[in-house]
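For the numbers below, each heavy atom of this structure counts, side chains included, while hydrogens, waters and symmetry mates do not. Read the numbers this way: they start at 1 and go in the same order the structure lists the ligands and their atoms. Just so we're clear, the structure is a prediction, and the values are computed from it rather than from any experiment.
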Amino acid sequence: MSLTLHFHPLASFCWKALIALYENGTPFTPNLVDLGNPAERAALLKLWPIGKFPVLQDDTRGEVVPESSIIVEYLDRHYPGPTRFIPDDAGRALRTRLRDRFYDLYVHLPMQKIMLDRLRPEGSKDPHGAEEARAQLRTSYAIIEQQMTDGGWAAGGDFSLADCAAAPSLFYGSMVVPFGDGQKKLAAYFERLKTRPSFARVLKEAEPYFNMVPKER
Ligand SMILES: N[C@@H](CCC(=O)N[C@@H](CS)C(=O)NCC(=O)O)C(=O)O
């Protein structure tokens with residue numbers, strides 16, 4: 001098999017790549033990386049010196065592809081299936097990439113900031129930064145609520161790269177800042193995402209690791 005995904009089943013950015021792979025039943029070898037294991041961390045760093053996952057390795061094409069959005073687009077281009085992640089139409093493609101950036105930068109990263117702050121030892125926490133991140137999440141939720149149509153997907157058309165980005169960021173985001181009472185379209189969209197078979201599978205496979213999610217203390 002030519003594709004290997006270096007990942008961890010609990011890691012939110014890895015979910016983006018997994019959703020894309022599961023959407024199209026793309027065959028790949030999963031390589032679970034324990035970053036706490038020095039040899040496994042060193043092997044990941046050799047592939048991608050930034051040391052973050054997911055990383056997709058394609059032995060057929062001789063490519064190592066980091067960055068979740070790039071992995072999804074790479075799969076769309078080189079291993080296409082029934083679900084296309086970037087629309088052919090240039091304007092829709094741009095909107096899809098914009099929404100992907102929106103979910104990564106303004107939902108996913110603030111969520112990560114709050115989660116990672118929970119792991120910091122007492123005395124090294126960043127309450128101001130965490131509060132800024134919570135405010136950003138609330139603003140982003142309000143924007144999604146305005147944009148979302150009943151029964152729609154993140155970029156306004158079919159399921160796409162933007163939904164691959166939305167699913168993990170909203171899953172963990174809603175754990176740190178729950179959706180507001182008035183955010184019915186956002187909440188309904190999140191429920192739609194959870195029933196999408198690709199994401200439901202990702203969640204099922206992550207379940208055994210959920211006790212590792214940092215709790216608020
Ligand atoms: N921009 C990257 C972010 C990847 C990222 O932050 N991955 C996290 C896991 S969700 C990670 O590798 N964390 C380990 C670390 O930073 O040491 C992407 O989209 O793939």
Does ligand 1 have a heavy atom under 4.0 Å from the side chain of Q112, from its backbone, from both, or from neither?
side chain

Proximity of L35 to ligand 1 by residue part, where a heavy atom lies under 4.0 Å
side chain

Go through ligand 1 atom by atom and flag the ones less than 4.0 Å from a non-hydrogen atom of P54.
20 (O)

Near S12, which atoms of ligand 1 are under 4.0 Å from a heavy atom of that residue?
10 (S)

For E132 and H128, test the side chains for any donor-to-acceptor distance below 3.5 angstrom and give the result as yes or no.
yes

Side-chain donor-acceptor pair present, Y74, D58, cut-off under 3.5 Å:
yes

Got a donor-acceptor contact below 3.5 angstrom from the [X] side chain to the [Y] backbone?
X	Y	result
R92	P87	no
E145	L186	yes
R134	V177	no

Between S69 and ligand 1, does any nitrogen or oxygen pair lie at a separation below 3.5 Å?
no

Any nitrogen or oxygen of C14 lying under 3.5 Å from a nitrogen or oxygen in ligand 1? Just yes or no.
no

Can you pull out the closest protein heavy atom to [atom]? Residue, atom name and distance to 0.1 Å, please.
atom	result
atom 8 (C) of ligand 1	F53 O, 3.8 Å
atom 20 (O) of ligand 1	S68 N, 2.9 Å
atom 5 (C) of ligand 1	F13 CD1, 3.5 Å

Determine, stepwise, if the pair F13 / F53 fulfils ring-ring contact (aromatic ring centres under 6.0 Å, His included).
CA-CA 7 Å; F13 276 105; F53 43 31; over 10 Å; no

Taking the six-membered ring where the residue is Trp, are the ring centres of F171 and W15 under 6.0 Å apart?
yes

Out of K52, M115, E67, whose heavy atom is nearest to atom 13 (N) of ligand 1?
K52

